[in-house]
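What follows is a short report on a single structure.
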Amino acid sequence: MSTEDFRLPRSHRANERLHTMIPGGAHTYAKGDDQYPEHLAPVISHGHGAHVWDVDGNRYIEYGSGLRSVSLGHAHPRVLEAVRRELDRGSNFVRPSIVEADAAERFLATVPTAEMVKFAKNGSDATTGAVRLARAVTGRPRVAICGDHPFFSVDDWFIGTTPMNAGIPAATTDLTVAFPYGDLAATEELLSRYEGEIACLILEPATTHTEPPPGYLAGLRDLADRHGCVLVFDEMITGFRWSEAGAQGLYGVTPDLSTFGKALGNGFAVSALAGRRDLMERGGLRHSGERVFLLSTTHGAETHSLAAAMAVCATYVKEDVTARLHAIGERLAAGVREAAAGMGVGDHVLVRGRASNLVFATLDENGEPSQPYRTLFLRQLLAGGVLAPSFVVSSALDDTDIAHTVDAVARACAVYRKALDAGDPTPWLAGRPVKPVFRPFA
Ligand SMILES: Cc1ncc(COP(=O)(O)O)c(C=O)c1O
């Protein structure tokens, strides 16, 4: 269907309903309709494998599924079978269920660099738990975050550092300082400037754009040890994408604490804080020191989500999912690069990142990142049956999906070339451009 004829009237009405009742019209800002071309923000009816259907009846090949939480594809049979088994047996009790022990055992076997684990529902609770524990064990107030990473938590210690910091006291934000990714000298300088004040370094061990420079993670490990602070790897994205043992398993550097979520439950709500026994035990009952209130949540024990996590761990091993994600991503990246080059936009439509976690950049005539060009590209892809805010793959994608995607990308790139030649993408946007998530005003 041509982009001009592609309309989503039911999605449009559903978006209106959503906005009337739910601030932002979604439960994550990253899913907001401001992230999509005007009038082309599909509202999803259902999904299966690598495909989703919108309420208008269109089918899309989906990338970035569930904000990277659905790495095996929607409604994965092995995960659903495990979940269904628990559904009839009750989901939460007044005492721990044996499922909690089984899930912890399975998790620690999958991520053997961790000695203890505690589950929760959101990644944000896990990272905030890590920060509290680090502050408690060091007795220090400041948190050092990697300033190049986009997101760690919905809580004040992180959101206060973003442009959308309304409602957060400066006194809280002042306690968070930032270090650049990959720069050990700058991090050492920060640790020395605030000597004895920084409780932890928290970062994603690898990013969407870059692999860690050689020796970087080991260097951070050494810096944390020398300055007496806790090293926290946020593995929300890298866990179950770099390897099922996380980036820590792949690169062989063990943090003191690490946090998992997203793909751990293949869309079911489960996250984890894991790490050194002597630190984690401070949240336990079997020590005589001051206790830390560590991740105590009503829903952390929900049985079917823990069953989903166990099924995910088993599936990664049985189906060699990490290798499959990388192989699919490599095929996709090669196809997209070839299509972009073939249409003369190889310097403007760029695919970046590790094969299991691909993102794309859309650059304007001057080689600068451009939201209007992103909007043009997204519109063309949507009309071509591809829903792709990123090119983050799931293992449910098959060769036909990749071929279809590359074809849609080639057609989108042909239009992109026309816009570059015209020096203005506006005629191809049919509305306002997409906007960044973190902005202080609408
Ligand atoms: C690296 C990272 N850490 C933490 C979080 C927070 O996870 P959640 O949305 O489950 O609270 C996210 C979510 O996008 C993330 O990408």
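Just so it is clear, the structure is predicted and the values come from calculations on it, not from any experiment. Counting starts at 1 for both ligands and their atoms, in listed order.
Note on ligand 1: V154 sits outside its first shell, no heavy atom being nearer than 4.0 Å. No heavy atom of L67 sits closer than 4.0 Å to any atom of ligand 1.
Salt-bridge check for D125 with K121: failed, with every basic side-chain N at 4.0 Å or more from each acidic carboxylate O. Salt-bridge check for R10 with D56: failed, with every basic side-chain N at 4.0 Å or more from each acidic carboxylate O. Between D102 and R106 there is no salt bridge, since none of the side-chain N atoms of the basic residue sits less than 4.0 Å from a carboxylate O of the acidic one. Note on R89 versus E86: salt bridge recorded, some NZ/NE/NH1/NH2 to OD/OE distance being below 4.0 Å.
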Q) Does the salt bridge (charged side-chain N to carboxylate O under 4.0 Å, His left out) test come out yes or no for R221 and D225, once each step is laid out? A) CA-CA 6 Å; R221 177 67 280 171; D225 290 342; 2.7 Å; yes
Q.
Would Y63 and I61 count as a side-chain contact (heavy atoms from CB on, under 4.5 Å) here? Give the steps.
A. CA-CA 7 Å; Y63 292 88; I61 301 168; 3.7 Å; yes
Q: Could you check H74 against N266 for side-chain contact (heavy atoms from CB on, under 4.5 Å), going step by step and ending with a plain yes or no?
A: CA-CA 8 Å; H74 300 289; N266 202 50; over 6 Å; no
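Which parts of ligand 1 touch I237 is read off a 4.0 Å heavy-atom cut-off, strictly below it: atoms 16 (O). Less than 4.0 angstrom separates some heavy atom of E204 from each of these atoms of ligand 1: 1 (C). Listed by atom number, the atoms of ligand 1 under 4.0 Å from S124 heavy atoms are 6 (C), 7 (O), 8 (P), 11 (O).
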Pairs under 3.5 angstrom only: tabulate donor-acceptor contacts from the side chains of residues 154-166 to other protein residues two or more places apart or in another chain.
from: D155; atom 1: OD2; to: T128; atom 2: OG1; distance (Å): 2.5
from: D155; atom 1: OD2; to: S153; atom 2: OG; distance (Å): 3.2
from: W157; atom 1: NE1; to: T128; atom 2: OG1; distance (Å): 2.9
from: T161; atom 1: OG1; to: F158; atom 2: O; distance (Å): 2.6
from: T162; atom 1: OG1; to: I159; atom 2: O; distance (Å): 2.8
from: T162; atom 1: OG1; to: M164; atom 2: N; distance (Å): 3.1

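Once rounded to the nearest 0.5 Å, the distance linking OG1 of T207 with CZ of R354 reads 11.0 Å.
Residue contacts with ligand 1: N122 is placed with no nitrogen or oxygen under 3.5 Å of a nitrogen or oxygen of the ligand (distance criterion only). Where the criterion is an N or O separation shorter than 3.5 Å, residue side chain and backbone included, G123 meets it with respect to ligand 1. In terms of polar-atom proximity, defined here as any N/O pair under 3.5 Å, T127 makes no such contact with ligand 1. Considering backbone and side-chain N/O of S153, none are found under 3.5 Å from N/O of ligand 1.
For atom 3 (N) of ligand 1, the nearest non-hydrogen atom of the protein is D234 OD2, 2.6 Å. Of all protein heavy atoms, the one closest to atom 12 (C) of ligand 1 is F151 CD2, 3.6 Å. Closest to atom 4 (C) of ligand 1, if we only count protein heavy atoms, is F152 O, 3.2 Å.
Residue K262 holds the heavy atom nearest to atom 14 (O) of ligand 1 of all those in M236, K121, K262.
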